[in-house]
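Before any comments, here is the structure.
Chain naming here is simple, since letters A, B, ... match the order of the sequence lines and numbering starts at 1 in each. What you are looking at is a predicted structure, and each value in this text was computed from that prediction instead of being measured.
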Amino acid sequence: MISCDDELRHWPADEAQARAVQDRLRPHVRLDEAGPEPGFEGTVVGVDVAYDDERDVVAAAAVALDARTRAVVDRATGVGQVSFPYVPGLLAFREIPTVLKALGRLARTPDLVVCDGYGLAHPRRFGLASHLGVLTGLPTIGVAKNPFTFRYAPPGPERGATSPLLDGTEEVGRALRTQQGVKPVFVSVGHRTDLDRACAHTLHLAADYRLPETTRAADALCRRALADA
DNA sequence: GCGACAG
DNA sequence: ATCTTGTCGC
């Protein structure tokens, strides 16, 4: 089993070590579970992070929404020092320590976590959402604003339309149109759920805007936490 | 070697 | 991610 505390204590010091950690943890990703059904009774938690490189400060937020009504039921923040530089493919090492602080301050355990970034849609199939899922044991999905290095054909113009996000011929996620005529978001599985449900959750959470309410709420809160830090 | 590259 | 003016529109 994975010990979250041990992983935090042995945080990689360089890129080679970070890639080795990803290769070691990757086999712990579970793709054989359905995960919570869309509209389930419970909480969906959005997490996001903001940086102040001048002060070397990072602030994270975790906002819990009622999975059915999308009402905010809890919120928590955490602050810390930047623990890793931004390197494409190694984003998790920059965000996870502070995200875990915020998650740990929620009143109850999330039923699903929505990350700002990717899960399996990653060069080594182990993006931020998968990494956070393995460390916490929670079902996670990734919703990104950009296609990263992957290819996709534009989905249809209507809300709910999807197209495969491809690494070569492998579908690593989906481009999902959450609002009519608006640029799609890029959904991938993190841990303990499947792509169909990941897209259904994302669509439900993005009823009014391009991005899921979880992401919007966490983004606003971590910016405020950074300003107050 | 050069360009691309989640946040 | 963050830096930033004005501008179009509900």
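Here the two rings, on A:F186 and A:F150, have centers that are 6.0 Å apart or farther.
Annotation: side chain of A:F126 is in contact with side chain of A:L25 (closest heavy-atom distance under 4.5 Å). Side chains of A:V47 and A:L132 form a contact here, defined as non-hydrogen atoms less than 4.5 Å apart. The closest side-chain heavy-atom distance from A:L176 to A:T178 is below 4.5 Å.
Note on residues 131-146 of chain A: pairs passing side-chain hydrogen bond (donor to acceptor under 3.5 Å, both in side chains), not counting sequence neighbours, are A:D116-A:K145.
Atom CG of A:D52 is separated from atom P of C:dA1 by 15 Å (rounded to the nearest Å). For the pair A:Y86 OH and B:dA4 P, the computed distance is 14 Å after rounding to whole Å. A straight line from CG of A:L90 to P of B:dA6 spans 12 Å, rounded to a whole angstrom. With rounding to whole Å, A:Q22 atom CD is found 12 Å from B:dA6 atom C1'. Here the P atom of nucleotide C:dA1 and the CD1 atom of A:I96 are 17 Å apart, to the nearest Å. Nucleotide C:dA1 holds its P atom 6 Å from the CG atom of A:D116, rounded to whole Å.
Heavy atoms of A:D48 sit under 4.0 angstrom from primed sugar atoms or phosphate atoms, though from no base atom. Nucleic acid contact for A:L165: none, since no nucleic acid atom lies under 4.0 Å from a heavy atom of the residue. Looking at heavy-atom distances under 4.0 Å, A:Y51 makes contact with sugar-phosphate atoms alone, never a base.
Residues from residues 119-134 of chain A that place a heavy atom under 4.0 Å from any atom of DNA chain B, listed by number: A:H122, A:G127, A:L128. Residues from residues 140-153 of chain A that place a heavy atom under 4.0 Å from any atom of DNA chain B, listed by number: A:A144, A:K145, A:N146, A:F148, A:T149.
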Task: Base-pair map of DNA chain C as dot-bracket, where | denotes pairing with a different strand and pairs are Watson-Crick or G-U under 3.5 Å - done: ..........
Open item on the list: Return a single string for nucleotides 5-10 of chain C, one symbol per nucleotide in 5' to 3' order, where B is base contact, S is sugar-phosphate-only contact and - is none, cutoff 4.0 angstrom on heavy atoms.
Closed with: ------
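The number of heavy atoms from other shown groups lying within 6.0 Å of CZ (A:R224) does not exceed 12.
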Atom pairs and distances, side-chain donor-acceptor, residues 86-101 of chain A, under 3.5 Å, sequence neighbours left out:
residue, atom, partner, partner atom, Å
A:R94, NH1, A:F84, O, 3.1
A:E95, OE2, A:Y51, OH, 2.9
A:K101, NZ, A:V79, O, 2.7

- [ ] Go through the steps to decide whether A:Q180 and A:R159 satisfy the test side chain to side chain donor-acceptor pair (under 3.5 Å), and finish with yes or no.
- [x] CA-CA 5 Å; A:Q180 171 105 221; A:R159 171 173 154 84; over 6 Å; no
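Not one side-chain nitrogen or oxygen of A:R94 sits closer than 4.0 Å to the OP1 or OP2 atom of B:dA6.
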